[in-house]
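This report concerns only the one structure given below.
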Amino acid sequence: MAMSDPKRPVIGVCPAFERARWGSWDEPAILLMRTYAEAIQRAGGRVIVLAPDVVVLQRPGELLELIDALMLTGGVDIDPALYGAVRHPETEPSVPERDAFEIALARAALAQDLPLLGICRGMQLLNVACGGTLIQHLPDDVGHGEHRRSLGSFENSDHDVRLAPGSLAARAAGEYAHVTKSHHHQGIERLGDGLVIAGWATLDDLPEAIEAPGRRFALGVQWHPEADPSSPVIAALVDAARG
């Protein structure tokens, strides 16, 4: 555990692995949207971006020793082969290095009881890391595209989520009916081992929050609290990291 300054715990954040353009360059890059870092900093935490490292696949605990909590962020779809499925035509190309890196970290964080928050893809990754499966294209299953109305935007993305009373999700969100910013086309199918569903979309009862009972803080939310300055969810992670 890092905790050199208990007032500013260190939150390790898993970035996206993407090709990016800046200045004269067009190269593979490690990318983190500023909203994640700013939300953590507003809550009193410090941010470390966790670069991919093949050594972590064998010894993830060494990296976790540097941080007080782990955040799994949004991004491209997880490789369906990791949960025993054939790729759907609408499933985006996956990034194997990112999938393997984050699964190793998620499993180690759960084993060590390190506070963990998965956001959107991060919630799905948590479920897959625990042996669960995903719906690869929600419109085929729920009959609508309301969970991702505007590709690449949170404009007009709000929908309500009902949270289980007394759950970690409800405590983190500070309420039982929570307005969320949504941007996803995949979702939970079979729940992973040791997880429970703690939130459902009022649109269609799709699982929107999962958690691991008995641990200090192990939560996945299908929405994007980093895109909503009024959301207390990331602050709840930072608070857990202080403890």
Side-chain angles (χ1 to χ4, degrees), residues 10-42 45-60 62-64 66-67 69-83 85-106 109 116-126 128-129 134 136-139 145 147-157 181-187 220-229 234:
V10 177
I11 313 300
V13 184
C14 292
F17 304 174
E18 299 287 349
R19 192 169 189 91
R21 296 183 63 185
W22 69 101
S24 302
W25 301 97
D26 184 346
E27 296 286 342
I30 300 167
L31 297 177
L32 181 69
M33 291 178 64
R34 286 180 60 179
T35 47
Y36 290 108
E38 290 170 349
I40 292 168
Q41 291 162 352
R42 279 198 306 271
R46 291 178 290 175
V47 178
I48 288 183
V49 176
L50 302 178
D53 185 342
V54 294
V55 174
V56 169
L57 301 184
Q58 299 301 322
R59 302 198 297 273
E62 292 181 3
L63 188 56
L64 297 185
L66 303 176
I67 62 177
L70 175 66
M71 179 185 289
L72 306 170
T73 63
V76 299
D77 295 336
I78 298 161
D79 185 352
L82 292 172
Y83 48 92
V86 175
R87 183 176 295 274
H88 186 285
E90 295 295 330
T91 295
E92 301 163 349
S94 305
V95 182
E97 299 93 332
R98 183 180 184 188
D99 291 342
F101 179 68
E102 294 185 2
I103 285 174
L105 288 181
L116 164 65
L117 174 63
I119 294 174
C120 196
R121 169 200 151 92
M123 171 176 136
Q124 297 166 9
L125 189 286
L126 173 60
V128 171
L134 303 178
Q136 291 191 55
H137 191 55
L138 288 173
H147 291 283
R148 188 170 68 177
R149 295 175 188 147
S150 301
L151 187 63
S153 172
F154 290 113
E155 293 296 323
N156 191 33
S157 67
K181 292 190 178 294
S182 175
H183 190 280
H184 62 102
H185 81 113
Q186 298 194 334
V221 297
Q222 190 60 80
W223 65 89
H224 283 268
E226 85 286 354
D228 180 3
I234 290 175

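Note that the numbering runs from 1 along the sequence shown for the chain.
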- Query: Which atom names give the shortest non-hydrogen contact between Pro15 and Val49, and what distance separates them?
  - Reply: CG-CG1, 3.7 Å
- Item | Residue pair Leu125 / Ile78, side-chain heavy-atom distance below 4.5 Å | yes
- CG/Asp77 to CD/Gln124 distance, rounded to the nearest 0.5 angstrom? 7.0 Å
- Just wondering, do His137 and Pro89 contact through their side chains at under 4.5 Å, heavy atoms? no
- Can you sort out the partners of Met71 under side chain to side chain contact (heavy atoms under 4.5 Å, CB included), two or more places apart, ordered by chain and number? Ile11, Val13, Tyr36, Ile40, Thr73, Leu117, Ile119, Ile234, Leu237
Return all side-chain donor-acceptor pairs below 3.5 angstrom for residues 17-32, not counting sequence neighbours, or 'none' if the list is empty.
from	atom 1	to	atom 2	distance (Å)
Arg19	NE	Asp26	OD1	3.0
Arg19	NH2	Asp26	O	2.9

- Query: Which atom names give the shortest non-hydrogen contact between Cys14 and Phe101, and what distance separates them?
  - Reply: SG-CE2, 4.3 Å
- Any chance you could measure Glu90, atom CD, to Glu92, atom CD, to the nearest 0.5 Å? 9.5 Å
- Only counting residues at least two apart or in another chain, list the ones meeting side chain to side chain contact (heavy atoms under 4.5 Å, CB included) with Thr35. Met33, Glu226
- Does a side-chain N-to-carboxylate-O contact under 4.0 Å join Arg121 and Asp99? yes
- Any side-chain heavy-atom pair of Leu70 and Leu50 under 4.5 Å: yes
- Message: On a heavy-atom basis, which atom in Pro229 and which in Ala227 lie closest, and how many Å separate them?
- Response: CD-O, 3.7 Å
- Query: Can you tell me how far the CD atom of Gln136 sits from the NE2 atom of His185, to the nearest 0.5 Å?
  - Reply: 8.5 Å
- Message: Please report the interatomic distance CZ(Arg98) to CG(Leu72), rounded to the nearest 0.5 Å.
- Response: 8.5 Å
